[in-house]
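Every chain is numbered from 1 and lettered A, B, ... according to where its sequence line falls, protein lines coming before strand lines. The structure presented is a predicted model; accordingly, all values stated were derived computationally and were not measured.
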Amino acid sequence: MIPTFFGITIVTFVLMHLPPGDPVAAQVGEGGMRASAAANAELIEEYRRAHFLDLPLFVNTRPDDMPKQVQRLVERLPDPERGSWAARQLVLRGGIILPVLLPKLARLPEEQRAGALAVLSRIAERIGATEDLEQAADPTAFWTGYWELHRIDFRPANADRLVRRYARRGSPAVLAELRTLDSFIVPSVVDALGRDPAGGELDRLSTLISLVTGREVVYRVGEPESRRRETIADWKEWWFKHESDYATFRGPARFVAMATETRYFKWASRIGSLSFGLSSRDQRPIADKLREKAPVTLLVASLSVFFAYLFAIPLGVFSAVRRGRLADRAIAVVLFVAASMPGFWVGMNLIRTIGRAGWLPIRGLTSAGYEEMSLWGKAIDLTSHLAMPVFCLTYVSIAALSRYQRVAMLEVVRQDYIRTARAKGVAPRGVIWKHAMRNALLPVVTLLGLQLPFLLGGSVIIEQLFSINGMGLETFEAILYRDYNWTMAVVTLSAVLTMAGVLVADILYALVDPRIGFGGRRSRGR
Amino acid sequence: MSFLRLVPVILAAFLISCISSGRDRKRDGGRERSATDGGRPAACACEDRWRIEPAGRDVPGTGGTPEPGGTMVVHADSEPPHFNYMLKPDAMATWIAMHDVLETLVRLDPRTLEIVPELAERWEVSDEGKTITFHLRSGVEWHDGRPFSSADVAFTFDRLMDPNVLAAAQRADFENVDRWEAPDERTFVLRLKWVHFATMPNLDHLQILPRHVFARGDFNNHPANRAPVGTGPFVLDHWTPGDEIVLVKNRRYWGRPAWLDRVIYRVVRDRSVAFEMCKRGEIDLMWRLLPEQVADQLDPELLSRYNLVQYWPFKTAFWVYNTRRPFFREARVRRALTMLIDRDMIRCSVERCLSRVVGQLYPPEQPVGQPPIPPIPFDPERAKAILDEAGWRDSDGDGVRDKRIDGKLVPFRFTFLATAGSTSLQRQAAIVQNELRRAGIDMDIQQTDWVVFSERLREHEFDAGSLLWVFDSPAIDLFSIFHSSQASGGGVNYGAWRHAEADRILDEARHVLDASRRNAMYHRLSELVAEEQPYTVMLNQANNSLVSKRLHGVYTSIAWYQERDVWIPRAEQ
């Protein structure tokens, strides 16, 4: 099951990325015509980073890390249009860029150095070096000297030690020392957060990391336990997105990063927690959107499947029994006509007739003020809203299903044991419903298993027509806008449901067909 | 038995007759055109049927003394992703929340389009326009009761310029901003690197966000983006996804409170269904009717309950030519192409006279659009003569013009790129295709989805394409569309048109604060574009809405209706 599952997701992942079109393009187009080329380029880069679209699919031969990013951003500093963006990015990274930038500051080309010094003066404010910097005659010399003096502090082991000490006791002296390292302590703090810190420790750790990243998510001692877990999860989520902005991949970490810094890994590593990432269209968590839309589609689709079976099975049996007679032919004609009428046409006509007459509501699933209705009122309201959309979804599948049932029935009726039953004098009704029926259900039950993914798929046209907030429309738009995360979530759920459907069909086989049974039970029975 | 065999045939015949009668109805509105002579047809059947007015006027019969109270139901054809304009300039979100829920420092008066105060009471410009000092209104409260101060404005600018905030589109509006300060609670100072005339008008769209709400959590997907806390005359009451978005009156608003108690945005995805809901009286305001709905489906009964409100927004359709293609390189060839596009015919048969043929980019209602530049008339004979003159002749006798360029025979054969799903665009393209074929130009029509379309335009991998531009501000800086520097690297100058004088005007005019001088410069640019035709300006489209006669105090605006000024007489609440 599980290898199959991952096989399906990998294949979908590849297929999904094959068609032309970039999810970012839609976002840029909506930026409008006021945006300059530089702004568009910026937007593309921001979106790509936010949705991991800058990563390769499966193997990252050159994983990007903080030193590489700093290198690139510094090179971009002299650019008149995009330089200020690069500068803002560098200032945001903070003290962690010092070990990369300072050793080679003197060797940078003149223009890049000017930009880098402007960035460094902002970082100096954060590490408390502004006064010394202002007194220094030559800023480049000052920073080179600063590095000579402080390089011993900028070691991961040192940061780890200080962070651990501060988390435990919270002494102001240690804090002062930590502040001179600025964001260099981020990996150490994230490590500490991973060890599930208790309330007091988390208070200090979250204050520390908020201070150096400019992103304020803090836990205070005394806040409830749920808030503690939330805060840790929030920072883990942040690290998940921003690891490559702070981490340096060297040695074995580099090989790990080759696999982890990929789009598929970023996606698959969170599948266990059922977090499907963010929708690229509206930045909402996919899980939230699923929770909102899946129940609606589930309700509408399961009702339509239920009614389809409810009508199709007796109809199929009936026309098999009356094979070739007028009733059979009449049913066939009616069903074929029904099946060939498109759903949107029927739906629109229903709206223009029944809807216009005011007998049934024409949009949504509930009326205004649904919450305040009595249980009975709610049931009536929901039923009246569901009637037309469910009808539109049902009538098409009745046609196909009843034909399946008819063929299956005809097949069974020709079997020897049916002739035997007839010969021994079982009443015709008994032959059909008792002897033939259960066997004739097998193919239709198989179909039922395959209907399960349809329960979540939804219908684009009916949802559009009746303003139903379901999965179909969302999936359709997600495909149009290349919302990979939503598409993957839907495909994953469909894969799971298909597998579940096969299982359910197998179980139902055993119920309807006495010849098929569960291995264990049968051996015991003998 | 034989009757039963006939049933499907009868049904099929019935269906076909239904479909074809529908077609006939559609054709009535347009004009007939003889296929054989290709001559000019008689006058357009829908001419003078509509009365479309400039935006900014009162809807007749909706005046009177306002009375508070009542609920208005507005049709929403889509749902916004959230209300944070900084992250996504969504049209629906803008209509619902901009100025009504979330406010800005200054705004454009919806009628006159003048800059008027909102959260800033007054402002001073100093240092040759490079420093703007805003004096903020006192006594303003956020919807949650916390006081508004300059720290919130500073916070908004901090986030706008934060590289981890997905706000590049709006950041581009403020690319000239250098620094900002909040020296005290009621003062905010904006310092600019260089002066841009659009800075103040652009502030109309920069929603000021509450610092205390956004302080915690990730700005890009903060819950408050979907549950906004603002300072406006309406408060977001609730949002049931896929169903409704409900605003209620802010009773502690700093200015004159809104008249209405509630505004409900009812989500109806399908426009035909929304139209049915108007017939049932379940919607008070339906925006953006389709041309066929206006032309065919408005019956007297409906018009006895609703006003048909028609006005000209700044909404113009263009065809853009990729000037890097050999056949679109020369200005005179592009002019000839415009002459081959029968815009009057498209206006009449496709747009049902709900648009107008214009020759310029700027709306004629605006000073910058005056005097109007006349459109190039439809003239196939003249066009053919120009094409001959430019060396595009059918030398190999295959019915398609060609020209020898750099020793290679290039046929005049190009692909028109359109976004899928628009029937009116398909019909428009088919009309043009027909006319071009007669003139010996082979145009292929290709439809793609929006993502591929915008990507190919941006990468200049297209021959010709259609665009629709909608402005909700009169301060239109066309720099990004026409400047040669924007012709590569992802800029919006899709046609890659380069013109030295246009560049000079664009470079200079954006720094000019004096409106009349700037307008003269942009008018010159407009003339250049009309001469060079890097775009064919197709049609200026009207906005058509159904507004219930219950609603009073309604006036049109280039962008959308103003909920805070609408009221309902007590008798009809």
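Residue A:Leu92 touches chain B through its side chain alone, counting heavy-atom pairs closer than 4.5 Å. Neither the backbone nor the side chain of A:Glu230 comes within contact range of chain B, judged by heavy atoms closer than 4.5 Å. The contact between A:Leu278 and chain B is made entirely by side chain atoms (from C-beta outward), counting heavy-atom distances below 4.5 Å. Proximity to chain B is limited to the side chain of A:Arg284, based on heavy atoms less than 4.5 angstrom apart. Heavy atoms of A:Gln464 lying under 4.5 Å from chain B belong to its backbone as well as its side chain. Proximity to chain A (any heavy atom under 4.5 Å) is restricted, for B:Ala167, to the backbone atoms N, CA, C and O. In this structure, no portion of B:Val246 lies under 4.5 Å from any heavy atom of chain A. The parts of B:Asp243 that come within reach of chain A are both its backbone and its side chain, each placing non-hydrogen atoms under 4.5 angstrom from that chain.
A 4.5 Å side-chain heavy-atom check between A:Ile351 and B:Met277 finds every atom pair outside the cut-off. Side-chain contact between A:Asn469 and B:Pro241 is present, with at least one heavy-atom pair separated by less than 4.5 Å.
For B:Arg280 (side chain) and A:Gly355 (main-chain N/O), a donor-acceptor pair under 3.5 Å exists by modelled atom type. In terms of modelled atom types and a separation under 3.5 Å, the side chain of A:Arg363 and the main chain of B:Asp270 share no donor-acceptor contact.
Interface summary for chain A: among B:Gln170, B:Arg266, B:His82, B:Arg226, the most heavy-atom pairs under 4.5 angstrom belong to B:Arg226. Of the listed residues (B:Thr240, B:Asn220, B:Val273, B:Asp162), the greatest number of heavy-atom pairs within a distance under 4.5 Å of chain A belongs to B:Val273. Residue with the most contacts toward chain B among A:Val91, A:Val217, A:Val296, A:Ile362: A:Ile362 (heavy-atom pairs, distance under 4.5 Å). Per-residue counts of heavy-atom pairs under 4.5 Å with chain A were compared for B:Asp158, B:Thr448, B:Val268, B:Leu457; the largest is that of B:Val268. Per-residue counts of heavy-atom pairs under 4.5 Å with chain B were compared for A:Gly347, A:Ser210, A:Pro285, A:Pro361; the largest is that of A:Pro361.
Annotation: A:Arg48, atom CZ; neighbour count of heavy atoms from other residues, nucleotides and ligands within 6.0 Å is above 12. Atom CH2 of B:Trp194 sits in a crowded spot, with more than 12 heavy atoms from other residues, nucleotides or ligands closer than 6.0 Å.
To the nearest 0.5 Å, the span separating CG on A:Leu480 from OG1 on B:Thr419 amounts to 11.0 Å. To the nearest 0.5 Å, atom OG of residue A:Ser84 and atom CZ of residue B:Arg171 are 9.0 Å apart.
Checked for salt-bridge contact, B:Arg269 and A:Glu477 meet the test: a charged N lies under 4.0 Å from a carboxylate O.
Pairing each heavy atom of A:Arg356 with each of B:Lys279, the nearest pair is NH2-NZ, 3.7 Å. Considering all non-hydrogen atoms of both residues, A:Met348 and B:Ser272 come closest at CE-CB, 3.6 Å.
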